[in-house]
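Reviewing the structure listed below.
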Amino acid sequence: MSPADRYYVTTAIAYANNKPGLHTLYEVIGADAIARWHRMKGDETYFLTGTDEYSVNIATTAEKLGKTPKEFVDEMVVLFRAAENALLISPDRFIRTTDPDHVAAVHEMIRRAYASGDLRHGTYEGWYCPNEGFKAPSDLIQDASGMHCPNHPHATLQWLTERNWFFRLSAYQERLERYYAENPNWVQPEYRKNEMLSFIRSGLEDFSVSREGAPWGIPFPIREDGSSSQLPDGSWDPAAGTVYVWFDALTNYVTGVGFPADPDRFERFWPADLHVIGKDINRLHTIMWPAMLMSAGLALPREVWVHGHLLLQGERMSKSLGNFLDPIDVVGSLGADGARYVTLREVAFDRDTDVSWDSFVRRYNADLANDFGNLVNRTVSMTNRYFEGVRQEPGPGGVLAAAWETAAAAYRQKFDCLLLHEALAALWEFVGAANKQVETEQPWTLAKAMKAGDAEAEARLRAVLGDLVEACRLVALAAAPFIPTAAPRALTQLGYEYPYGADGNGGPALLDELRWGAHAAEAGRVTIAEPLFPRLESEPTTPAAG
RNA sequence: GGCUGGGUAGCUCAGUGGCAGAGCAAGCGGCUCAUAAUCGCUAGGUCGUUGGUUCAAAUCCAACCCCAGCUACCA
């Protein structure tokens with residue numbers, strides 16, 4: 001693992017058909033923590049997230065509401081951005097597939113695929129469910145009255161035939177297998193890679209990359225004879241159709257870093273270091289997308305991380321089922337820091353996890369209010385009470401200094417392999433050690449002895465409180481990517497400057513700051529102790545499902 | 001149906017041949033710096049089922065039950 005001087009991380013762009021649920025923003029919160037971690041470490045970091053706005057369904061929904069598709073998605077994007085702001089998401093760009101520069105990028109990708117001989121014209125046909133689009137026969141139910149969609153049994157299925165452009169995915173089977181063999185860690189977790197590998201080995205078919213009769217999309221830039229479909233007035237011939245939404249959506253990752261208009265920036269940031277995606281779109285990202293990039297002569301992303309889903313009572317959270325948590329409600333109850341921490345601590349980043357309002361509140365109270373928040377509170381209070389607020393110096397070689405070495409190494413290791421929940425667990429083990437240290441040393445007993453003139457007790461008390469302040473400083477800084485506003489508040493209470501910007505940029509290299517005793521020599525005063533994370537008494541407002 | 005992973009304490013999970021573990025939740029006790037917090041102790045499990053291998057099985061093997069994922073064009 002070489003120390004990268006730049007880091008490019010993306011999330012999947014969210015389908016802008018409805019307001020976002022916590023399950024949609026889950027990966028964005030995770031990617032945001034990852035981006036902040038890299039910014040604080042000093043990497044030149046670029047974090048891209050955004051919305052996917054073209055599709056037949058969106059056009060249909062907009063029409064039902066009496067709006068143009070663009071009016072409709074503009075409204076949705078306001079909701080997405082509001083939710084991201086509430087969660088303190090810090091993208092360097094919020095990309096929309098309706099952004100003007102994205103059209104140029106998609107067109108360039110199409111032209112390159114064509115130039116590589118990977119586009120051919122053909123016919124696509126199959127059963128079409130008016131609610132879900134084309135369905136594979138294996139996903140349908142056949143009975144005496146014909147074929148039915150299992151999710152919409154009363155809808156009449158149509159057998160549709162379309163003239164489409166096809167991408168020669170079949171030509172990439174060997175190249176993909178080789179890439180997987182030469183880059184064994186490029187899809188993580190491992191079992192997600194294996195699923196894709198077995199899919200590749202089972203044989204790849206070409207997929208269509210254009211649509212007729214779907215006007216809400218990026219115009220297909222070439223005609224059947226290979227000539228440009230641009231008309232003299234600059235517009236595009238509707239008869240050429242539109243680009244299949246997934247070809248368009250995937251391309252956002254290169255648009256976001258300047259493809260093709262800004263070659264310097266693109267050169268700097270491509271290939272992406274990490275795509276964070278959900279398991280439902282794994283194949284698109286680890287089979288189709290790399291083939292598209294190979295065809296365009298572009299490098300492949302270094303890693304794709306496939307996270308699981310949030311479940312509510314065993315069922316996948318989804319907007320269509322109505323069983324989802326509204327991120328605005330969660331932030332309202334737990335605060336932005338609390339919502340971020342609890343989501344990333346409670347949900348395993350590598351698999352599905354059942355969550356509940358109860359589990360969120362329990363985690364908030366246990367980890368944030370009781371363990372860490374209270375540790376800072378008692379440390380600051382004791383420093384005020386026993387030393388009039390004068391911050392004491394941490395010593396080398398103490399119990400906590402040693403515990404920190406172990407915890408920090410485990411935290412970094414888990415973070416680097418993106419097991420974010422385990423990284424936090426490792427850090428909180430150290431919080432537990434610090435609380436235990438308070439009981440072991442009993443500062444209040446030492447304080448009485450100090451008052452009675454016991455110089456040895458005074459030295460001991462100074463050392464204990466110095467170590468505790470240092471423990472709080474280190475945890476706050478290490479956890480800052482997860483709790484970006486609580487971290488500076490904690491540092492302020494401890495009497496330290498917080499040297500990073502609101503998005504984690506600026507400031508010294510984090511790993512230097514995370515050395516035990518990095519600021520030992522600096523004099524300072526703690527401030528008044530104020531609870532960082534007020535305890536939630538009972539279940540507050542249970543956000544109504546739906 | 002095929003392939004893959006899983007079923008361990010009330011909950012979430014760790015544990016790949018040697019006395020069943022952690023965190024949270026529960027009960028009891030200690031302490032008083034602190035946000036009724038914290039620290040200690042206790043309780044709680046036929047390790048999915050049945051059979052097999054072995055001195056010894058949560059762990060290895062077989063069968064079965066249950067759950068999840070993958071098995072190509074909604075995004």
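A note on names: the letters A, B, ... follow the listed sequences, proteins ahead of strands, and every chain is numbered from 1.
Among the protein residues, A:R535 comes within range of the nucleic acid bases, having at least one heavy atom under 4.0 Å from a base atom. Residue A:N374 is classed as a base contact, given a heavy-atom separation below 4.0 Å to a base. Across all strands, A:S381 comes closer than 4.0 Å only to sugar-phosphate atoms, never to a base (heavy-atom distances). A:D371 comes within contact range of the sugar-phosphate backbone alone, with a heavy-atom separation under 4.0 Å but no base atom that close. Residue contacts for A:Y386: at a heavy-atom cut-off of 4.0 Å it reaches the sugar-phosphate backbone alone, with no base atom in range. Residue contacts for A:N370: at a heavy-atom cut-off of 4.0 Å it reaches the sugar-phosphate backbone alone, with no base atom in range. When heavy atoms are screened at a 4.0 angstrom cut-off, A:L284 is found touching no nucleic acid atom at all. Within the 4.0 angstrom heavy-atom criterion, base atoms lie near A:W246. Residue A:R351 is classed as a sugar-phosphate contact, given heavy-atom separations below 4.0 Å to backbone atoms only.
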Salt bridge (Lys or Arg N to Asp or Glu O under 4.0 Å) between A:E456 and A:R460, worked out
CA-CA 6 Å; A:E456 199 176 313; A:R460 182 93 194 161; over 6 Å; no
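With respect to A:Y341, the ring pair (Phe, Tyr, Trp, His ring centres under 6.0 Å) criterion is satisfied by exactly one of A:F533, A:F360, A:W428, A:F482: A:W428.
In this entry B:C41 has B:G27 as its Watson-Crick or G-U wobble partner, both defining distances falling under 3.5 Å. Within the shown strands, B:C61 is the pairing partner of B:G51 under the Watson-Crick or G-U definition, both distances less than 3.5 Å. Figure legend. B:U32 is base-paired to no nucleotide; pairs are counted as Watson-Crick or G-U wobble with both atom distances under 3.5 Å. For B:U46, there is no paired base (Watson-Crick or G-U wobble, both distances below 3.5 Å). Using Watson-Crick or G-U wobble geometry with both donor-acceptor distances under 3.5 Å, B:U12 finds its partner in B:A22.
The aromatic rings of A:F207 and A:F167 sit tilted, their planes meeting at an angle between 30° and 60°. Between A:F349 and A:H307, the ring planes lie parallel to each other; the angle is under 30°, not in the 30° to 60° tilted range.
Between B:U38 and B:G48, the two P atoms lie 33 Å apart (nearest whole Å). Comparing the P positions of B:G10 and B:A26 gives a spacing of 15 Å, expressed to the nearest Å. Atom C1' of B:U50 sits at a distance of 15 Å from the matching atom of B:A57, rounded to the whole Å. If you take atom P in B:A68 and the same atom in B:U35, they sit 46 Å apart, rounded to whole Å. Atom name P, nucleotides B:U49 and B:A9: the rounded distance is 11 Å, in whole Å. B:U53 and B:G15 have their P atoms separated by 29 Å, with the value rounded to a whole Å.
For B:C73, its base sits under 3.5 Å from the side chain of A:S208 at one donor and acceptor pair at least.
Comparing A:E53 and A:R362 by the nucleotide of RNA chain B that holds the closest heavy atom to each, the one mapping nearer the 5' end is A:R362.
In this structure, A:P534 and A:Y364 approach most closely via the heavy-atom pair O-OH, 2.9 Å.
In this structure, A:F207 does not pack face-to-face on the six-membered ring of B:C73, missing the 5.5 Å centre cutoff or the 30° plane limit.
The shortest distance between side-chain heavy atoms of A:L65 and A:F72 falls below 4.5 Å.
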